[in-house]
Amino acid sequence: MDKTYAHQTTESRIYALWEKSGVFAPNADPQAPAYSIIMPPPNANGELHLGHATFVAISDALIRYHRMRGDATLWLPGVDHAGILAQVTFEKKLKKEQSKSRHDLGRTEFVKQCYQFCLDNKILMENQMRALGASCDWNREKFTMDPEISKLVLQTFVKMHQDGLIYRGYRIVNWCPRCRSTLSDLELEWTERQDPLYYINYGPFVLATVRPETKFGDTAIAVHPDDARYQKWIGKEIEVVGLLGTFKIKVIADSAVDKEFGTGVIKVTPGHDPLDWEIGQRHKLEVKTVIDFDGRLNDLTGPYKGLKVAPARKQIAADMQAKGLLKKVDENYRHTVATCERCGTVIEPLVSRQWFVKIKPLAQAAIKAVEDGTVKIIPEKYQAMYFNWMKNIRDWPISRQIWWGHQLPVWYARSEQKTPKQQQEFELLKQGDTRARTDILESPIVSLEKPTGADEYIQDPDTFDTWFSSGQWPVNTLKTSNINDFQRFYPTSVMNTAYEILFLWVARMIMFGLYLTGEVPFETALINGVLRDENGQKMSKSKGNGINPNEAIAKYGADAVRMALLAGRDSGNDLMISKQQMEERIRGYRNFSNKLWNIGRFILINLEKTNVKIPFYEDSTKNRQILVEDDKRILTELTLITNRVTDGLENYRFGEATSSLYEFTWHAFADWYLEAVKPRLSSENVQDQIQVLAILRHVYIQILKLLHPFMPFVTEEIWRQIPGVFEPLLATATWPKAII
RNA sequence: GGACUCGUAGCUCAGUUGGUAGAGCGUUGCGUUUACAUCGCAAAUGUCAGAGGUUCGAGCCCUCUCGAGUCCACCA
């Protein structure tokens with residue numbers, strides 16, 4: 001053995017050895033219990049970060065542990081096409097490298113190139129997974145855009161439509177003017193901003209608004225029903241002088257109005273504000289749209305037509321000021337605005353016709369599954385979050401006006417489009433102009449195949465929310481995998497992912513899983529905390545505040561990176577750590593692999609020195625009789641640590657399993673026992689030497705086994721250098737017996 | 001506004017049925033002895049946020065206060 005452990009040259013060699021030996025595929029023993037994890041598919045828009053490394057470290061530890069236990073163990077890898085995120089990322093790249101927009105390419109070409117972009121990233125990510133030591137079965141790898149996966153995604157939509165769980169309707173939605181798509185509430189990011197709050201003279205009232213540009217869409221004035229100041233106005237019509245002249249508007253009472261805010265009077269703009277939309281629904285108000293899908297004011301706004309929202313607001317405020325319609329302006333008003341999580345653009349609430357999932361029936365079953373423990377959410381604290389969201393869940397808009405994704409299996413017949421506008425729309429869509437809006441086309445036909453017949457049909461250009469497909473992931477991957485995989489491995493054992501996507505993904509998988517199969521998709525949702533920098537910011541590649549896993553692996557080895565993410569922490573909690581501290585942490589575990597290596601060196605050197613063949617330690621009465629106190633003590637501690645590590649793996653306490661193992665290996669075994677035994681090794685008592693060497697080797701072998709799920713590379717490499725071990729690969733060696 | 005989490009050594013964090021306070025890193029001193037300087041030995045540092053309660057006993061359970069943070073939500 002060399003003096004130091006060289007992870008640089010070892011890790012890739014060991015990984016290749018594993019892959020070649022086929023140990024990543026589940027064993028075929030029909031008697032073996034099934035254990036399976038579906039990998040959360042990383043987004044295909046870039047490389048992996050340390051957050052991914054966390055789930056690899058955890059999932060791989062579980063997978064390797066169960067493999068060593070002899071279970072039929074499957075870890076199924078995959079990659080997600082990431083809908084909007086990938087499209088935005090690729091559009092940026094397109095613009096930067098070719099100065100082109102997606103419209104320059106056209107839909108077909110854009111999708112083709114985006115597909116390639118994702119495939120390229122997919123290879124990068126696969127290699128990073130390999131570098132981290134992920135022992136997943138690459139032969140079963142899936143991509144959300146694989147044809148057979150896509151087909152199942154569309155089938156689900158058709159089935160749900162038949163079951164009455166899908167509807168198409170006009171609703172106020174979150175519209176991203178840049179992505180030109182609608183978004184679900186979960187895809188928003190709320191950011192605090194400072195904006196002027198305008199106090200507008202409005203007939204007999206003064207009212208406060210941040211958005212004077214939407215006032216052309218006002219269809220009522222609202223006050224709180226109990227507000228004494230305004231009782232006499234409720235139900236009356238008032239006359240208001242506005243920028244476009246004088247108009248009449250009704251005063252209504254609605255308890256959604258806050259008496260304390262501003263003047264206690266609001267204008268109701270159902271076309272451009274979610275709250276106003278609801279008030280409008282309650283009072284059957286007219287919905288007036290004054291801002292279009294491109295984020296510009298439309299012809300209902302007279303001279304402001306064509307202006308974008310921000311400049312329009314300034315212009316309108318200035319004009320109101322000039323006409324004396326503005327009472328005052330509070331320049332220091334702080335509030336939060338919704339922005340597009342993927343591109344940062346301010347969201348425009350707009351009324352649009354979209355496809356929705358009627359979610360309540362699905363949610364009910366999913367709530368029950370967690371309540372009765374069919375699905376366990378670990379740590380338990382996340383259950384509260386889950387219930388809180390699920391019990392207040394709202395219908396889910398699933399259609400997106402983007403190109404990259406699964407296109408809706410929805411068709412429109414030419415003959416059903418009666419108005420000239422609809423016919424024009426039909427024609428534009430047919431020619432591939434996706435700036436055209438589908439929502440005015442009538443009589444959609446939901447069908448996997450294009451309808452046949454004398455009529456002419458075009459497909460709805462919308463694609464699904466990316467979570468609509470990933471929500472079905474455990475079902476669809478296993479159904480398209482090896483024959484019998486679904487039967488053998490569904491429901492899967494553990495779903496390991498971060499709490500950020502508890503609603504976006506975990507909750508939806510439970511709903512889809514139950515809906516599609518009648519069974520939950522996984523027995524345990526193991527939720528991880530996230531890594532944050534010293535300022536509490538989530539680590540991300542775009543912020544540049546995290547360690548690049550590639551660099552860390554190259555410098556310190558994957559084993560060290562994995563340990564640094566697990567040891568001495570509760571993986572369900574966030575970890576706040578600076579770049580430097582993280583690196584120190586990793587270096588500490590690199591030192592540990594070296595320590596482990598050198599313990600091996602010491603033992604092997606001593607084994608070689610003796611001419612006697614050292615028998616493998618057996619826990620027999622004969623051997624026990626000559627054990628001295630030190631021997632008994634280390635063996636007792638070995639038993640304890642074996643139980644502890646096993647218990648840690650069974651109960652997802654990786655922090656405890658790893659640090660107690662570290663402690664035992666370094667301080668009990670190396671610092672104490674190994675030193676204590678040195679005089680005995682140099683003594684004349686051959687029988688005792690044999691005994692000591694047998695124990696040293698025995699304890700060491702057990703340590704390697706216990707450590708393997710966490711530090712697979714260095715342990716496997718050492719395993720190969722120990723002469724005479726029975727099992728060729730540590731990855732498939734037998735897990736030590738434990739009592740827990 | 002609703003829900004949840006956290007506050008333990010200089011820093012980052014463990015601490016699971018309540019039983020004499022822990023690790024890593026950092027700091028200080030010493031050290032080349034059958035592996036390892038990517039090392040060894042030794043040392044220092046805590047009213048476990050604060051107050052009250054339950055208990056023979058509380059970092060751990062209960063209540064309140066203060067501080068930090070996260071998620072959800074329609075405050076114009």
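Keep in mind that what you see is a predicted model, and the values were worked out from it rather than measured. Labels below follow one simple rule: chain letters A, B, ... track the order of the sequence lines, proteins then strands, and each chain is numbered from 1.
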Worksheet item: If you look at every strand shown and take non-hydrogen atoms under 4.0 Å, does A:Lys609 touch a base, only sugar-phosphate, or nothing?
Response: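 Base contact.
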
Considering only side-chain heavy atoms of [X], which listed nucleotide, [options], is closest?
X        : options                : value
A:Lys595 : B:rC74, B:rA35, B:rC41 : B:rA35
A:Ala384 : B:rU34, B:rA3, B:rC71  : B:rA3
A:Arg532 : B:rU34, B:rU70, B:rC72 : B:rU70
A:Gln581 : B:rU70, B:rC11, B:rA76 : B:rC11
A:His335 : B:rA76, B:rC74, B:rC72 : B:rA76
A:Lys381 : B:rU5, B:rC13, B:rA76  : B:rU5
A:Leu575 : B:rC13, B:rA76, B:rA35 : B:rC13

Discussion item. Is A:Asn591 close enough to B:rC39 that one of its side-chain N or O atoms is under 4.0 Å from OP1 or OP2 there?
Written reply: yes

Discussion item. Less than 4.0 angstrom between a side-chain N/O of A:Arg569 and OP1 or OP2 of B:rA14, yes or no?
Written reply: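 The answer is no; no side-chain N or O of A:Arg569 sits under 4.0 Å from OP1 or OP2.
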
Worksheet item: What is the distance from CD1 of A:Ile221 to C1' of B:rA76, rounded to the nearest Å?
Response: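 Nearest whole value for this atom pair: 12 Å.
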
Discussion item. From CD of A:Glu583 over to P of B:rU12, roughly how many Å is that when rounded to an integer?
Written reply: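 About 18 Å, once rounded to whole Å.
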
Worksheet, complete the sentence: By nearest-heavy-atom nucleotide on RNA chain B, the more 5' of A:Glu278 and A:Glu656 is A:Glu656

Discussion item. Nearest heavy atom decides the nucleotide; on that basis, is A:Thr4 or A:Gly264 closer to the 5' end of RNA chain B?
Written reply: A:Thr4

Between [N] and [X], counting only base atoms on the nucleotide and side-chain atoms on the residue, is there a donor-acceptor pair under 3.5 Å?
X        : N      : value
A:Arg590 : B:rU38 : yes
A:Lys678 : B:rU33 : no
A:Glu675 : B:rA35 : yes

Item to complete: Compute both the distance and the angle, then confirm whether A:Lys328 meets the cation-pi test with A:Tyr199: under 6.0 Å from the six-membered ring centre, within 45 degrees of the axis.
Response: yes

Worksheet item: Within 45° of the ring axis of A:Trp396 and under 6.0 Å from its six-membered ring centre, is that where the NZ or CZ of A:Arg508 lies?
Response: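 So A:Arg508 does make the cation-pi contact.
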
Worksheet entry | Value rounded to 0.5 Å, distance of CG in A:Asp218 from OG1 in A:Thr269 |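 Here the rounded value is 4.0 Å.
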
Which side-chain N or O atoms in residues 659-666 of chain A pair as donor and acceptor under 3.5 Å with protein atoms at least two apart or in another chain?
from     : atom 1 : to       : atom 2 : distance (Å)
A:Ser659 : OG     : A:Gly655 : O      : 2.4
A:Ser660 : OG     : A:Glu656 : O      : 2.7
A:Ser660 : OG     : A:Ala657 : O      : 3.2
A:Thr665 : OG1    : A:Leu661 : O      : 2.7

Discussion item. Please report whether the ring centroid of A:Tyr333 lies less than 6.0 Å from that of A:His335.
Written reply: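 Yes, ring centres under 6.0 Å apart.
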
Discussion item. Tell me every residue that passes side-chain contact (heavy atoms from CB on, under 4.5 Å) with A:Phe503, counting only those two or more places apart in sequence or in another chain.
Written reply: A:Leu186, A:Met385, A:Trp389

Worksheet entry | Base-pairing assignment for B:rC66 (Watson-Crick or G-U wobble, both under 3.5 Å) | B:rG7

Worksheet item: How does protein reach along nucleotides 18-23 of chain B, written 5' to 3' as B (base within reach of a heavy atom under 4.0 Å), S (only sugar-phosphate), or - (no contact)?
Response: -----S

Worksheet item: Does A:Ser571 reach the side chain of A:Ile58, with side-chain heavy atoms less than 4.5 Å apart?
Response: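 A side-chain contact exists here, since the closest heavy-atom pair is under 4.5 Å.
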
